[in-house]
Amino acid sequence: DAEITQSPRHKITETGRQVTLACHQTWNHNNMFWYRQDLGHGLRLIHYSYGVQDTNKGEVSDGYSVSRSNTEDLPLTLESAASSQTSVYFCASRPKLTGEAFFGQGTRLTVV
Amino acid sequence: GENVEQHPSTLSVQEGDSAVIKCTYSDSASNYFPWYKQELGKRPQLIIDIRSNVGEKKDQRIAVTLNKTAKHFSLHITETQPEDSAVYFCAARDLLTGRRALTFGSGTRLQVQP
């Protein structure tokens, strides 16, 4: 079955390190998104992509970057991890024209 | 950009009672309003959605209503069951133009007491 998967599921890293979270989907969806989830804030958009070579900043993009070299993958990179980036990260994808977004299982990142 | 407010942040009901969660949005261009359910430790999953050309949509015990004039929409769960306990998120976006990402509310933790 087609799916969207994130890895790793859990990660502990030190302040200042570069970290990359992987997101892979097999639906051939054009649109992919990264959100972070924090208590009291719901899901906030970090970056998103409409297709290969396209990336856009969301509302909380500072300190994060993404790249889209193929349809299936949208890795999220924390350039220099900070304690404020401790969160649960969700990747999502959606076909070009429909409304429903499908989420990955999430990655719990702890920055110590 | 779009801003979505969600209330209440927590809601506790007795099994069999109804639960109502309310959201308001700011961008009149938004025309798609989904609701996601997130069980503890799991991913958010779509449970129902509504588009701005209808005022109400129902799926078994779940219904969503939309008031475009007032820019608010609500989730109604009837005959609640313990398995309805979860965090619920409302969201909004414009299907046709502008941003193509969902803007989410801050979530409502629903507890159904047996």
Side-chain angles (χ1 to χ4, degrees), chain A residues 3-7 9-10 21 23-25 27 29-51 54-61 64 66 68 74 76 87-108, chain B residues 1-10 21 23-27 30-54 57 59 64 66 73 86-109:
Chain A
E3 248 294 5
I4 178 168
T5 55
Q6 294 182 232
S7 61
R9 294 294 312 277
H10 303 273
L21 309 182
C23 175
H24 179 80
Q25 52 97 2
W27 285 306
H29 289 169
N30 288 304
N31 300 335
M32 295 184 73
F33 311 88
W34 274 104
Y35 289 90
R36 62 177 287 175
Q37 183 175 25
D38 305 286
L39 270 176
H41 291 281
L43 293 151
R44 292 182 292 174
L45 184 65
I46 306 172
H47 281 285
Y48 57 105
S49 170
Y50 297 161
D54 176 79
T55 61
N56 305 277
K57 293 181 179 181
E59 62 179 301
V60 291
S61 60
Y64 303 94
V66 293
R68 189 88 181 269
L74 186 70
L76 177 71
S87 186
V88 178
Y89 291 85
F90 284 98
C91 178
S93 73
R94 190 185 71 223
K96 189 175 182 180
L97 297 178
T98 71
E100 182 176 0
F102 298 88
F103 284 83
Q105 325 96 300
T107 295
R108 182 175 294 277
Chain B
E2 176 65 275
N3 182 51
V4 178
E5 300 281 341
Q6 183 171 347
H7 300 279
S9 57
T10 60
I21 303 170
C23 289
T24 59
Y25 62 99
S26 61
D27 189 350
S30 290
N31 48 36
Y32 174 67
F33 308 95
W35 287 87
Y36 283 80
K37 176 183 180 182
Q38 186 181 29
E39 297 177 351
L40 190 62
K42 301 286 182 65
R43 72 188 82 189
Q45 292 193 300
L46 180 73
I47 54 171
I48 195 168
D49 56 13
I50 191 168
R51 303 194 179 195
S52 59
N53 57 345
V54 297
K57 184 176 179 181
D59 182 5
V64 57
L66 171 65
F73 57 112
V87 178
Y88 292 81
F89 293 98
C90 62
R93 79 173 183 99
D94 175 11
L95 278 176
L96 299 177
T97 61
R99 288 187 65 177
R100 300 184 191 180
L102 290 167
T103 298
F104 285 87
S106 54
T108 297
R109 182 173 298 279

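Residue numbers start from 1 in every chain, and the chains themselves are labelled A, B, ... in the order their sequence lines are given, proteins ahead of strands.
Proximity to chain A is absent for every atom of B/P34, based on heavy atoms less than 4.5 angstrom apart. Proximity to chain B involves both the backbone and the side chain of A/F103, based on heavy atoms less than 4.5 angstrom apart.
Scanning for salt bridge (Lys or Arg N to Asp or Glu O under 4.0 Å) contacts around B/K57 gives B/D49, with sequence neighbours left out. Residues passing the salt bridge (Lys or Arg N to Asp or Glu O under 4.0 Å) test with B/E5, sequence neighbours excluded: none.
Residues A/K57 and A/H47 have side chains in contact (heavy-atom distance under 4.5 Å, counting atoms from C-beta outward). In this structure the side chain of B/Q6 reaches within 4.5 angstrom of the side chain of B/I21, judged on heavy atoms.
Taking chain A as the reference chain and counting heavy-atom pairs below 4.5 Å, the highest number among B/Q38, B/K42, B/R109 is found for B/Q38. Contact tally against chain B (heavy-atom pairs below 4.5 Å) for A/A92, A/G106, A/G104: the top residue is A/G104.
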